[in-house]
Amino acid sequence: MKLDGMYQEIILDHYRHPHNKGLRDPFDTEVHHVNPTCGDEVTLRVKLDGEKVLDVSYEGQGCSISQASTSVMTDLVIGHTIEDALNAGDEFLALMQSKGQGEPDEDVLEDAVAFVGVSKYPARVKCALLGWMAFKDATAQALQTTEGQK
Amino acid sequence: MTVHLPGLLDTDAIRKDFPILERLLHGDRPLVYLDNAATSQTPRQVIDAMTHYYANSNANVHRGVHVLAEEATALYEGARDKVAQFINAPSRDEVIFTKNSSEAINLVANMLTWADEPFKVGVGADVVITEMEHHSNIVPWQLLAQRTGTKLKWFGLTDEGRLDLSNIEQVITEETKVVSVVHTSNILGTVNDLEPIVRRAHDVGALVVVDASQAAPHTVLDVQALGADFVAFTGHKMCGPTGIGVLWGRLGLLEELPPFLGGGEMIETVTMSASTYAPAPHKFEAGTPPITEAVGLGAAIDYLSAIGMDRIAAHEHAITGYAIDALNGVEGLKIIGPADNVARGAAISFTFGDIHPHDVGQVLDEQGIAVRVGHHCARPVCLRYGVPATTRASFYLYSTPSEVDALVAGLEHVRQFFG
């Protein structure tokens, strides 16, 4: 069935057993993002350490796509450099905008390649991007604060 | 198996009027359209009326002396007559065409924002709404409150999904200038008993605005019996096109209250320094109006009236009762809103175990079943009942018991998929 293309087992796994969920200290910034069309919400914290993403933690409620995507995202950014993390975000955004035609780089996106099917459903793309957008926002704010302290 | 319920319309015949209901989705799945509270489908009679207008009579209205301009004007104003009759308005001049219900309510709010005494809002005055309003009956009043210093108050909800009017004398007071309340909730399905609200509001000299978006399509709407001062509804939920709505208002008020939008059509005379305004309803219809859409709405009213709003209401009551019973038999499903079929419209919201409504809706869509998921532009209701969102099935005159059966079967499939 076509839906299996969207709801890949890996997505349902992350939905049922999310990684890095639960807000943690310490953190530099906390943001709250919502998807007003369906009521998905995420509160996300970022802790940076120099060039690195030291920790990302979150609380959220919403559909399987939004919650699984946030879970996958944390795996991809925690412990990586800020640059690599933001690059992965850009890659994921491009994948979501590909209308099902994207050929994701598994080395960069790892589990997130499973979301290629989601890009065929315009109404769900925003769900998949919710956590990534929150991460980008929180990181930008954290970097701004650091800049301000220099 | 065909289910026979008392009050059902001849849906086999009615469905033939709606070309879209013949669509197959995802290959071979017949469309099961259960999103009628969001928008209704359009019968061929309405599509034909609009096509015929564009093909034969298209012109601007209220100007020009040529044949087409006169035909267009007659059709546009004829639609106003049809609306007036449909809602039992004392005068056709009380029917203002707007873009939709939101614009109609914004229009009232803006008339009042700029009004003088005795309608003047501001510091020391109250506007009263309820917690079950659509955002379109919340945000315009929040804007009015922010811009004028008026205090915004509201009625809460009971656990059963009804308005809590136990403190009506404390909520609607001598300071209250406007009470704006929904007739039928788009998310809970609740049909409100407006009589005590109208009585209390008028006792303290407040105006009453009724959001009838979910009432005009589904039941006999008699503005005189309702006793309100303004009533808003929209065309696309009642077999008409998008882009056309109605604000009905008492003529005396429309004469006294100031216009909101200025422009062509709404004037009597204009100089470079000042203007005087046309009488209602034109005072409130600046610019070229949605003419084709008004023609379409007129055709929709003809269509609904030929069947009979009382019969449509009986049909929906039967379908809703059948659906409530069927959905109550689905394990893990919880109806958000009145659990019985009393004083209830044809929209049923529910949660389904821990499965997010967005996922429910997606898997139902794969089976050709169209429902609405989310907060239904009534987020405070979701907050009140502690749910992030709901799935909503909503019925209309062409809905059938077998579509309810399809929904129930679809939900079992959702459960298996996420189980």
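Note that this is a predicted model, so its numbers are computed, not measured. Chain A is the first sequence line, chain B the second, and so forth, proteins listed ahead of strands; every chain is numbered from 1.
- By the 6.0 Å contact criterion, CD on A/E59 is enclosed, its count of non-hydrogen atoms from other residues, nucleotides or ligands being greater than 12.
- Shown here for B/H358 and A/C127, the closest heavy-atom pair between the two residues is CE1-SG, 3.6 Å.
- The environment of B/Q142 atom CD is dense: over 12 non-hydrogen atoms of other residues, nucleotides or ligands sit within 6.0 angstrom.
- Within a 6.0 Å radius of CZ in B/R23, no more than 12 heavy atoms belonging to other residues, nucleotides or ligands are found.
- For B/E22, the CD atom counts as densely surrounded, since its 6.0 Å shell holds more than 12 non-hydrogen atoms of other residues, nucleotides or ligands.
- Between A/Q61 and B/P388, the closest heavy-atom pair is NE2-CB, 3.3 Å.
- Within 6.0 Å of the NZ atom in B/K99, the count of heavy atoms belonging to other residues, nucleotides or ligands does not exceed 12.
- Of the possible polar contacts, one joining the B/D359 side chain to the A/S64 backbone as a donor-acceptor pair under 3.5 Å is found.
- Contacts between B/D354 and chain A at a heavy-atom distance below 4.5 Å involve the backbone alone (N, CA, C, O).
- Residue A/K47 qualifies as enclosed at atom NZ: its count of foreign heavy atoms under 6.0 Å is above 12.
- B/H356 and A/Y15 get closest at one heavy-atom pair: N-OH, 4.0 Å.
- Proximity to chain B is absent for every atom of A/Q67, based on heavy atoms less than 4.5 angstrom apart.
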Run the side-chain contact (heavy atoms from CB on, under 4.5 Å) check on B/Q362 and A/I65 step by step: do they pass? CA-CA 11 Å; B/Q362 192 81 58; A/I65 301 298; over 6 Å; no
